[in-house]
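This report refers to the structure that appears directly beneath it.
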Amino acid sequence: MTTNIPSNNEKPNKASGQDRPLNFLEQIITKDLQEGKHSQIVTRFPPEPNGYLHIGHAKSICLNFGLAERFGGVCNLRFDDTNPAKEDQEYIDSIIEDVKWLGFQWGQESNAEVKFASKYFDQFYEWALHLIHDNKAYVCHLSPDEARQYRGTLKEPGKNSPYRDRSKEENLAEFEKMRAGEYDEGACVLRAKIDMAAPNINLRDPILYRIRKQSHHQTGDQWCIYPTYDFAHGQEDAIEGITHSICTLEFADHRPLYEWFIENLPVPSQPTQYEFARLQLNYTVTSKRKLKQLVDEGHVDGWDDPRMPTISGMRRRGYTPRALRNFCDIIGVTKSDSQVDVGMLEYAVRDDLNDNAPRAMCVLQPLKLVITNFDEAGDGVESSGGEPTLWVTQPGHPNRPELGERKLPFTKEVYIERGDFTEDTSLSRKKFKRLVSGDYVRLRGAHVIKAERVEKDEAGEITEVHCTLVPNTVGANPPEGMKPRGVIHWVSATQHVNCQVRLYDRLFNDDAPDAGEKNFLDFINPDSLTIVDGAKAELSLRDAQLEQSYQFEREGYFTLDRRYSTETLPVFNRAIGLKDTWANKV
RNA sequence: UGGGGUGUAGCCAAGCGGUAAGGCAGCGGGUUUUGAUCCCGUCAUGCGAAGGUUCGAAUCCUUCCACCCCAGCCA
């Protein structure tokens, strides 16, 4: 009678990506493999540990790990931790957790270690010396302000730094002083000597090392100079034997620099950089700064608030790794800026949950229904527990018999959804397929019933609906003339689980909350969270497990909240409602 | 004429000189003890625009237009 299913009892991933056309990166890799450029591909997912991962990172993770999986290669998880000022161990832990949860494995073996850019700091330092020896790098004492002026503008060339032509010996000595901590932050930097007139600003003597007198989460106080992204990234890739270094579009301008280092340094391999368009979702904000603001200012409950587009938030909400991976697969990978409709994400979640979530019944807004002729319920009625109960059977899943069955206690008094009853007899059968005074409806899995009369309180609100059941209609159609309007869900008024239900809606009610001059906070949806107390769930939900989703029939997909659930009061988060085509027509 | 990138349906996205795949959304219908799922059908004489090459162009050439990214000692 339990509805729990083992985690390996899932329908196979629909969108495994095997029968769709190859994206441009897959085409490149296929060619590289065919031509023998590489015998095995190596990719990497290189987050900076300065925030929580979100849906956009999921796309990158699925891309990099997915490519390795598909082509029999390897993908590293590498922290690009070159800026101690912004990073923290907390983020490293959460990132590792998120990647694991998505179901990916880094490295060659199952126990492979996570990589860190900071592990290569000694090597980077050696390579910096190498460039100085080759007269391709120099220590520059221009202030940040002066450096900006020397750099020129987008349309005008820059001019050479006065420190550009120092001798090799002087540069070596100055760089040593930088490393030894003899200069303050900002006093000087090590720069590559490339071309101050280059139309690509990244080539105008870019900075290789800057001074940061901060202790680093991995290397402690070992260094006070840290390599920049540009000087570190390609070399990290080369050290790890990365074959295809995949990053987002805004780094395309850095590629010539990436290649310059690879060509001018004795690196152990020759990685190539490719760029793809980062994910943009409408009705969603994915800038780390803005997500942090939502958390810090208390607009949400934390990084894992179920309304957040963070991986941990979506996880808590009840989205599954399969849904996220399928989503990443169906949106594709290209170089064109695009804004994906969140509807696609919601589709991926529904699609997965429909296949895999066991069914259950839960009444959110209870209305008591008294079955006056319950004694005619049939032969199976038991009274062992003191109360006459008919145990009816329902499948765990309508299309997947292997998911077993549930037994539900059907009793004289049950709860139905307040919205599933009306006294308005003028509503046609087509317009209202629920319970109407004097008409018939089926209680899912149980009898067809007829609403006979209602009881109301002083305020005129309906407190009870009295009805009669049609005998012998469990698993059978009623006699002629008693055709039910529809099927509604119910829960025994005496044998159920009290719970709280949290309904979520989009966090923003504007499709581009942070576009242009807009302030995204102005578009926070005031109805993004609705807390429903006093919901009544079927008995089997007493055993609900974390990370297990259930379909509350006719309502949507729900999962236990890891934060607010207690021993006595489970809290269910609605991941997403059922598709409701009817709502569009009324 | 700074440099780089991108334009195929409401939203994604195939297409790689041979006559516009697929998915999401929508619309119409069928099945259904979930207004769900599932199934069937429908949805670009048109590929940012204009010229040109060709028997044939979304694909090649020319010009133009629009949008995105770059002037952190962030990544």
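Per chain, numbering begins at 1; letters A, B, ... match sequence-line order.
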Please tell me which of the listed nucleotides, [options], lies nearest to the side chain of [X]?
| X | options | result |
| --- | --- | --- |
| A:Glu48 | B:C74, B:G2, B:C24 | B:C74 |
| A:Ile207 | B:A14, B:A36, B:C73 | B:C73 |
| A:Trp582 | B:C68, B:C73, B:G35 | B:G35 |
| A:Asn83 | B:A36, B:C74, B:C24 | B:C74 |
| A:Lys579 | B:G72, B:A36, B:G4 | B:A36 |
| A:Pro144 | B:G4, B:C73, B:C70 | B:C73 |
| A:Ser336 | B:U37, B:G3, B:G7 | B:G7 |
| A:Thr334 | B:A13, B:A71, B:C74 | B:A13 |
| A:Arg210 | B:U34, B:U37, B:A75 | B:A75 |

Side-chain N or O of [X] closer than 4.0 Å to phosphate OP1/OP2 of [N]:
| X | N | answer |
| --- | --- | --- |
| A:Thr228 | B:G72 | no |
| A:Gln27 | B:G15 | yes |
| A:Tyr229 | B:C74 | no |
| A:Thr581 | B:A36 | yes |
| A:Ser338 | B:A13 | yes |

Remember a base hit wins even if backbone is also touched, and classify [X] as base, sugar-phosphate or nothing at under 4.0 Å, heavy atoms.
| X | result |
| --- | --- |
| A:Phe79 | nothing |
| A:Phe251 | base |
| A:Leu281 | nothing |
| A:Pro398 | base |
| A:Arg554 | base |
| A:Gly556 | nothing |
| A:Gly475 | base |
| A:Ala476 | base |
| A:Ile331 | sugar-phosphate |
| A:Lys431 | base |
| A:Lys288 | nothing |
| A:Val474 | base |
| A:His254 | base |
| A:Thr248 | nothing |

Nearest whole Å is fine: how far is [N] [atom2] from [X] [atom1]?
| X | N | atom1 | atom2 | result |
| --- | --- | --- | --- | --- |
| A:Glu26 | B:A14 | CD | P | 10 Å |
| A:Arg429 | B:U33 | CZ | C1' | 14 Å |
| A:Glu346 | B:A36 | CD | P | 17 Å |
| A:Tyr52 | B:A75 | OH | P | 21 Å |
| A:Arg278 | B:G5 | CZ | P | 18 Å |
| A:Arg406 | B:U34 | CZ | C1' | 11 Å |
| A:Ile330 | B:A25 | CD1 | C1' | 12 Å |
| A:Leu353 | B:U34 | CG | C1' | 15 Å |

Inset, instruction - Specify whether A:Phe410 and A:His447 have parallel, tilted or perpendicular ring planes, treating 30° as the upper limit for parallel and 60° as the lower limit for perpendicular. - result: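 A:Phe410 vs A:His447 ring planes: parallel.
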Inset, instruction - Decide yes or no for A:Gln551 and A:Pro358: does some side-chain heavy atom of the first lie under 4.5 Å from some side-chain heavy atom of the second? - result: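 No. Closest side-chain heavy atoms not under 4.5 Å.
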Inset, instruction - Decide, for B:G5, between syn and anti: a glycosidic angle within 90° of 0 counts as syn, anything else as anti. - result: anti
Legend entry - A:Tyr52: which of A:Glu90, A:His57, A:Lys288, A:Lys292 passes side chain to side chain donor-acceptor pair (under 3.5 Å):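 That would be A:Glu90.
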Inset, instruction - Classify the side-chain pair A:Asp88/A:His217 by whether it contains a donor and acceptor separated by less than 3.5 Å. - result: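 No - no donor-acceptor pair under 3.5 Å links their side chains.
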Does the structure show a Watson-Crick or G-U wobble partner for [N], both distances under 3.5 Å? Name it, or say none.
| N | result |
| --- | --- |
| B:G7 | B:C65 |
| B:A36 | none |
| B:G2 | B:C70 |
| B:U19 | none |
| B:G26 | B:U42 |

Report yes or no: is there a donor-acceptor pair, N or O only, under 3.5 Å between the side chain of [X] and the base of [N]?
| X | N | answer |
| --- | --- | --- |
| A:Asp253 | B:G3 | yes |
| A:Gln551 | B:U34 | yes |
| A:Arg442 | B:U33 | yes |
| A:Arg434 | B:G35 | yes |
| A:Arg350 | B:U37 | no |

If the threshold is 4.0 Å, N to carboxylate O, is there a salt bridge linking [X] and [Y]?
| X | Y | result |
| --- | --- | --- |
| A:Glu538 | A:Arg406 | yes |
| A:Lys518 | A:Asp510 | yes |
| A:Lys115 | A:Glu240 | no |
| A:Glu555 | A:Arg574 | no |

Legend entry - Sub-6.0 Å ring centroid separation between A:Phe552 and A:Tyr557: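 Ring-ring flag for A:Phe552/A:Tyr557: false, centres at least 6.0 Å apart.
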